[in-house]
Amino acid sequence: MESPSTSTRGNSKLIEDTEPACGNPVCRAGVLPLIFRLSRTVAENNGLEPILEVVLQLMEEELGMIRGMINLYDSQAGRIYIHKSLGLTEDEEARGVYGLGEGITGRVVETGLTMVVPRIGDEDGFLDRTGSHHGGDEDHAFLCIPIARGRRLLGTISGERPYGGNQALLDQDVELLKTIGCLIAPPVELHLVETHEKAEWAAERHRLQDALKERFHPANIIGNSRPMRDVYRLIAKIAPSKATVLILGESGVGKELVASAIHYKSPVAEGPFIKFNCAALPENLVESELFGHEKGAFTGAIGARKGRFEEADGGTIFLDEVGELSLAMQAKLLRILQEKTFERVGGNRPVKVDIRIVAATNRDLAAMVGEGTFRSDLYYRLWVVPIMIPALRERGSDIVALADHFVASYSRENGKEVKRISTPALDMLMSYHWPGNVRELENVIERAVLLSDDDVIHGYHLPPSLQTAKLSGTVFRGNLEAKLEAVEYEMLVEALKNSKGNMSKAAQELGLTKRMIGIRMAKFNIDYRTFRRGVSAPSRAGLV
């Protein structure tokens, strides 16, 4: 047979895939059983690790290699790293990372050609990045063979040993390693797809899901029940406009956070977001706080002062408990809604502002209009886009999601490691009617975390009002679908907690396929990575 054609670079040789020379071949009959074992291992598709074990055994026992490496190429990261080795420590393996075209290994991946260094001591391109070479290794030869599928470079097989000038033996070993490279290329490609490329696809999928979630699910709100999904869709529709919004709902449902979501998704998100509780101050102070005052307007007014409307210029003002305003203040608010103009207390110069008004109340404004305690013209001005925030008892599985979040939050805050809520305690949370809504739930969970002494919240850690929910007639009043969703969410979370975020084990525990559990997790915005960190709730955020 003819000698292999070569191209020289420094003192190394790039060997193209032509027929090998066997001038006076050295017997390698002993490798045949191992080659057969390698072929069988590849055919049985047992994964990459057992295949590479056979490869390295063959290189050590039959080829006499002192060092050997199986390098894989992460094309997205642009790096070549040692996946498995012979004769290297873990630290040396970790140091063996190359860029494309870097060193002998990098050049083989870049060119797709075999490279042989007859004598390491004469090759300037031999980087020894692993730091594994010492005195006496200069006479070793270094063989580096590409692993490829078609035109796709997957990595390299490299080996090192002294040949004592036996060129025939060196050439024969090169051809044998080429054969091994061809045999292991399919499982290597599958491994790369299942690790690097699959991770990249998953990351891209999560990125797109997060983008959609951010569009339809404000980041400061926890909950994925059907009533809340309706709220998210409405927020997404109205936020880009500057229309006046009226947020309705019971005390404690999180109206302020909905107002915040509307502002930060609006065109004026970069502007100020000013909050004012209309019931927090006496009536004689409300006017000055909202509209500001001029110097000398009243006793103690030693200087001019801007009010909340001026501070909100170019942004949004949130008027909480707007139903508590007096009729006189309602008239002034009506003028701002109509003209975006007002005067400071004690002044007569009109002040014009460019603001968006978001108001909220837990009162029945329509009934107040009928009673004459709320102006009808203001009512209709505010009633441009009403948003009704559902009570917590109507949100089904959101109760469990919020409770888990509060457990994680208050555990971190108090230096505790409460990991879960017991099933009886969850039943109590789901059965209670929550007159104080999310605010009450937060207080209940904070108390339970402080009382817990075994990393679990039990029913006896909850207030008496929850422990006797059924006896007191405060049973769960949600519909069947909400109750089923709550049970489904609880079972998913419990399985992921038990498996520490392993979706396959969780799916097996629930009798589902991995695809089915993925669909159900997406329904509730559950991320398995949260449970791998030992936390059983979404990341810390504002809450509704």
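The chain is numbered in sequence order, starting from 1.
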Side chain proximity check, [X] to [Y], heavy atoms < 4.5 angstrom:
{"X": "Val353", "Y": "Phe342", "value": "yes"}
{"X": "Tyr73", "Y": "Leu100", "value": "yes"}
{"X": "Val438", "Y": "Phe406", "value": "yes"}
{"X": "Val444", "Y": "Leu462", "value": "yes"}
{"X": "Leu492", "Y": "Glu488", "value": "yes"}
{"X": "Thr316", "Y": "Val268", "value": "yes"}
{"X": "Ile222", "Y": "Asp398", "value": "no"}
{"X": "Val418", "Y": "Tyr410", "value": "no"}

>> A cation-pi test, strictly: NZ or CZ of Arg79 under 6.0 Å from the centre of the six-membered ring of Tyr81 and no more than 45 degrees from its axis. Yes or no?
In response: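 Here Arg79 passes the 6.0 Å and 45° test against Tyr81.
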
[X] side chain to [Y] main-chain N or O, any donor-acceptor pair under 3.5 Å?
{"X": "Ser411", "Y": "Val407", "value": "yes"}
{"X": "Thr373", "Y": "Glu371", "value": "no"}
{"X": "Glu440", "Y": "Gly252", "value": "no"}
{"X": "Glu93", "Y": "Glu90", "value": "no"}
{"X": "Arg308", "Y": "Phe291", "value": "no"}
{"X": "Arg349", "Y": "Arg344", "value": "no"}
{"X": "Ser241", "Y": "Ile238", "value": "yes"}
{"X": "Lys332", "Y": "Glu287", "value": "no"}
{"X": "Lys505", "Y": "Ala495", "value": "no"}
{"X": "His263", "Y": "Gly271", "value": "yes"}

Determine the minimum heavy-atom distance between [X] and [Y], stating which atoms define it.
{"X": "Leu429", "Y": "Ala403", "answer": "CD1-CB, 3.9 Å"}
{"X": "Ile355", "Y": "Ala312", "answer": "CG2-O, 3.1 Å"}
{"X": "Leu450", "Y": "Lys416", "answer": "O-NZ, 3.3 Å"}
{"X": "Leu392", "Y": "Asn437", "answer": "N-OD1, 2.9 Å"}
{"X": "Arg520", "Y": "Leu512", "answer": "CD-CD1, 3.8 Å"}
{"X": "Gly223", "Y": "Met228", "answer": "O-CB, 4.4 Å"}

Starting at [atom1] of [X], measure out to [atom2] of [Y] and round the result to the nearest 0.5 Å.
{"X": "Ser397", "Y": "Arg226", "atom1": "OG", "atom2": "CZ", "result": "11.5 Å"}
{"X": "Met503", "Y": "Thr513", "atom1": "CE", "atom2": "OG1", "result": "9.5 Å"}
{"X": "Phe374", "Y": "Asp364", "atom1": "CZ", "atom2": "CG", "result": "11.5 Å"}
{"X": "Ile457", "Y": "Met428", "atom1": "CD1", "atom2": "CE", "result": "12.5 Å"}
{"X": "Asn71", "Y": "Leu154", "atom1": "CG", "atom2": "CG", "result": "12.5 Å"}
{"X": "Leu319", "Y": "Leu333", "atom1": "CG", "atom2": "CG", "result": "6.0 Å"}

>> Show, in sequence, the C-alpha distance, side-chain angles and deciding distance for Leu290 and Met329, and conclude whether the side chain to side chain contact (heavy atoms under 4.5 Å, CB included) test is met.
In response: CA-CA 10 Å; Leu290 285 176; Met329 289 303 302; 3.8 Å; yes

> How far apart are the C-alpha atoms of Val245 and Arg356, what are their side-chain angles, what is the distance that settles it, and do they pass the side chain to side chain contact (heavy atoms under 4.5 Å, CB included) test?
Replying inline: CA-CA 9 Å; Val245 179; Arg356 180 181 198 169; 3.7 Å; yes

> Are the ring centres of Phe318 and Phe276 closer than 6.0 Å?
Replying inline: no

Any luck finding a side-chain donor-acceptor pair between [X] and [Y] under 3.5 Å?
{"X": "Glu442", "Y": "His405", "result": "no"}
{"X": "Asn348", "Y": "Glu343", "result": "no"}
{"X": "Ser288", "Y": "His293", "result": "yes"}
{"X": "Arg439", "Y": "Ser251", "result": "yes"}

Flag if over 12 foreign heavy atoms under 6.0 Å of [atom1], [X]:
{"X": "Met491", "atom1": "CE", "value": "no"}
{"X": "Gln508", "atom1": "CD", "value": "no"}
{"X": "Lys237", "atom1": "NZ", "value": "no"}
{"X": "Glu283", "atom1": "CD", "value": "no"}
{"X": "Glu270", "atom1": "CD", "value": "no"}
{"X": "Arg95", "atom1": "CZ", "value": "yes"}
{"X": "Lys340", "atom1": "NZ", "value": "yes"}

> In terms of the angle between their ring planes, are Trp383 and Tyr379 parallel, tilted or perpendicular, with boundaries placed at 30° and 60°?
Replying inline: tilted

> Passes salt bridge (charged side-chain N to carboxylate O under 4.0 Å, His left out), Asp354 versus Lys242? Steps please.
Replying inline: CA-CA 10 Å; Asp354 179 18; Lys242 295 189 71 174; 2.6 Å; yes

>> If you apply the rule salt bridge (charged side-chain N to carboxylate O under 4.0 Å, His left out), what do you find for Glu324 with Arg363, and how did you get there?
In response: CA-CA 9 Å; Glu324 305 302 322; Arg363 302 279 297 273; 2.8 Å; yes

> Please walk me through it: do Glu189 and Arg149 pass salt bridge (charged side-chain N to carboxylate O under 4.0 Å, His left out)?
Replying inline: CA-CA 8 Å; Glu189 183 180 43; Arg149 283 271 285 174; 3.1 Å; yes

>> Before you tell me yes or no, could you show the steps for Leu466 and Trp434 under side chain to side chain contact (heavy atoms under 4.5 Å, CB included), namely the whole-Å CA-CA distance, both residues' side-chain angles and the distance that decides it to 0.1 Å?
In response: CA-CA 9 Å; Leu466 273 76; Trp434 298 109; 3.7 Å; yes

>> Quick test of your reading of the model: are Arg305 and Glu294 salt-bridged, counting only N-O distances below 4.0 Å?
In response: no

> Would you call Arg393 and Glu250 a salt bridge, using N to O less than 4.0 angstrom?
Replying inline: yes

>> side chain to side chain contact (heavy atoms under 4.5 Å, CB included), that's the test. Do Ile262 and Ile387 meet it? Break it down for me.
In response: CA-CA 11 Å; Ile262 292 170; Ile387 300 180; 3.9 Å; yes

